[in-house]
Peer 1: 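Mind looking over this structure? Questions follow.
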Amino acid sequence: MKIWVDADACPNVIKEILFRVANRVGVSVTLVANHHVRVPPSPHIRSLQVESGFDVADDFIVQQVEAGDLVITADIPLADEVITKDGHALNPRGELYTKETIKQRLQMRDFMDTMRSSGVQTGGPPPLNQSDRQNFANKLDSFVAKNHKK
C-alpha cells in the first residue's frame with residue numbers, strides 16, 4: 001500500500017500528520033503538486049512536481065494509483081476515479097469515501113457547482129479545526145493499521 005497526496009490544496013497540518021505516520025510505520029507517502037512542495041528528509045516521503053494545468057496532478061495520481069493504495073484528497077471527482085480503480089480515498093477532514101457514498105457526494109458537488117455558476121453565493125467549507133485534525137489522524141491510523149504490511 002502507498003499513500004498519494006493531492007498536495008496542491010492539502011493543508012500543512014494534514015501533511016505533518018502524514019509525515020509522522022510515514023516515518024512511524026514505514027509507509028510510502030508521495031505528495032503530488034504542480035509546484036514544489038517541501039518535505040522532510042525521509043526514505044518514506046517524497047514530493048513530485050507535475051506540470052501546471054487543470055487536473056494535471058489529479059490525472060497523474062489516477063495513473064499511478066494501484067488497488068489498495070490510499071489517496072488523500074478533498075477533490076470528489078479524483079476520489080471517484082481512485083475508488084473506480086479499487087483504491088481508497090480519505091479527505092483532510094477524515095471522511096473515507098466509499099463506493100456507496102461517492103456517487104451521492106458527486107451529485108451534491110455538481111448541484112453546488114450549478115448553484116455557484118447561476119450566481120448563488122454558497123461559500124466554502126469552514127477552516128479545519130482541532131476536531132477535524134483529530135478525526136483525520138484517527139481514520140488514517142486505523143486505515144494504515146488495517147491495510148499496511150511492512
Side-chain angles (χ1 to χ4, degrees), residues 1-50 55-113 115-116 122-150:
M1 177 196 87
K2 296 176 184 152
I3 298 176
W4 298 91
V5 182
D6 180 8
D8 285 322
C10 186
N12 286 332
V13 66
I14 298 302
K15 292 175 193 168
E16 293 297 326
I17 293 168
L18 288 161
F19 299 157
R20 286 193 298 270
V21 166
N23 287 318
R24 187 177 74 235
V25 301
V27 66
S28 170
V29 173
T30 303
L31 287 82
V32 181
N34 60 20
H35 62 279
H36 176 71
V37 177
R38 289 177 40 111
V39 297
S42 168
H44 309 292
I45 303 167
R46 67 185 179 139
S47 174
L48 295 175
Q49 183 175 348
V50 296
D55 286 342
V56 175
D58 296 356
D59 293 343
F60 180 84
I61 291 170
V62 169
Q63 290 170 2
Q64 301 301 311
V65 76
E66 296 177 2
D69 286 356
L70 177 64
V71 175
I72 309 302
T73 185
D75 186 301
I76 295 169
L78 172 57
D80 182 46
E81 290 188 71
V82 167
I83 290 169
T84 299
K85 290 187 72 173
D86 291 325
H88 306 275
L90 178 66
N91 78 19
R93 295 181 187 277
E95 179 186 357
L96 187 65
Y97 300 112
T98 65
K99 289 181 181 181
E100 293 76 31
T101 63
I102 195 64
K103 298 303 180 195
Q104 178 185 9
R105 297 288 302 207
L106 270 172
Q107 289 173 344
M108 180 57 72
R109 177 203 171 270
D110 293 344
F111 172 74
M112 295 304 286
D113 192 45
M115 296 289 289
R116 284 188 292 275
T122 60
L128 283 180
N129 59 37
Q130 185 59 38
S131 175
D132 294 326
R133 290 185 281 253
Q134 189 63 50
N135 190 38
F136 175 82
N138 290 342
K139 289 284 172 74
L140 179 64
D141 282 343
S142 174
F143 184 90
V144 169
K146 181 178 176 185
N147 296 283
H148 177 64
K149 288 136 183 84
K150 282 192 167 187

Peer 1: Within this structure, what is the CG-OG distance for the pair Asn23 and Ser42, rounded to the nearest 0.5 Å?
Peer 2: 3.5 Å
Peer 1: Determine whether Glu16 and Asn12 satisfy the following criterion, side chain to side chain donor-acceptor pair (under 3.5 Å), listing intermediate values before the conclusion.
Peer 2: CA-CA 6 Å; Glu16 293 297 326; Asn12 286 332; over 6 Å; no
Peer 1: What I'd like to find out is whether the side chain of Thr30 reaches to under 4.5 Å of the side chain of Ile3, using heavy atoms alone.
Peer 2: no
Peer 1: Closest approach of Val37 and Ser47, non-hydrogen atoms and distance?
Peer 2: O-OG, 3.1 Å
Peer 1: Can you tell me if Asp80 uses its side chain to pair, donor with acceptor, with the backbone of Ile76 under 3.5 Å?
Peer 2: no
Peer 1: Supply the atom-to-atom distance Leu78 CG to Tyr97 OH, rounded to the nearest 0.5 angstrom.
Peer 2: 9.5 Å
Peer 1: Could you measure the distance from the CZ atom of Arg133 to the CG atom of Leu128? Nearest 0.5 Å is fine.
Peer 2: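 Nearest 0.5 Å value for the CZ-CG distance: 6.5 Å.
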Peer 1: Quick one: ring-ring contact (aromatic ring centres under 6.0 Å, His included) partners of His44, sequence neighbours excluded?
Peer 2: none
Peer 1: Should the pair Lys99-Asp86 be classified as a salt bridge under the 4.0 Å nitrogen-to-oxygen rule?
Peer 2: yes
Peer 1: Mind checking ring-ring contact (aromatic ring centres under 6.0 Å, His included) for Phe19 and listing every partner two or more places apart, or none if nothing turns up?
Peer 2: none
Peer 1: Do Ile83 and Thr98 come close enough that some side-chain heavy atom pair is under 4.5 Å?
Peer 2: no
Peer 1: Distance from Ser28 atom OG to Ile45 atom CD1, nearest 0.5 Å?
Peer 2: 9.5 Å
Peer 1: For the pair Asn129 (side chain) and Asp132 (backbone), establish whether a donor and an acceptor sit closer than 3.5 Å, ignoring hydrogens and angles.
Peer 2: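 At least one qualifying donor-acceptor pair exists.
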Peer 1: Does any part of the side chain of Ile72, heavy atoms only, come nearer than 4.5 Å to the side chain of Phe136, both counted from C-beta?
Peer 2: yes
Peer 1: Report the distance from atom NE2 of His88 to atom CG of Asp69, rounding to the nearest 0.5 Å.
Peer 2: 8.5 Å
Peer 1: Determine, for Asp141 against Arg24, whether the closest basic-nitrogen to carboxylate-oxygen distance falls under 4.0 angstrom.
Peer 2: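 Salt bridge: yes.
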Peer 1: Rounded to the nearest 0.5 Å, what's the gap from CD on Glu66 to NZ on Lys2? Could you check?
Peer 2: 5.0 Å
Peer 1: For Pro92 and Ile14, work out which heavy atoms get closest and say how close.
Peer 2: O-CD1, 3.4 Å
Peer 1: Strictly by modelled atom types, are Asp59 and Gln63 linked by a side-chain donor-acceptor pair under 3.5 Å?
Peer 2: no
Peer 1: Please answer whether the main-chain N or O of Val62 pairs with a side-chain N or O of Lys85 as donor and acceptor at a distance below 3.5 Å.
Peer 2: yes
Peer 1: Taking side-chain hydrogen bond (donor to acceptor under 3.5 Å, both in side chains) as the test, write out the residues that go with Asp6, two or more places apart.
Peer 2: Thr73
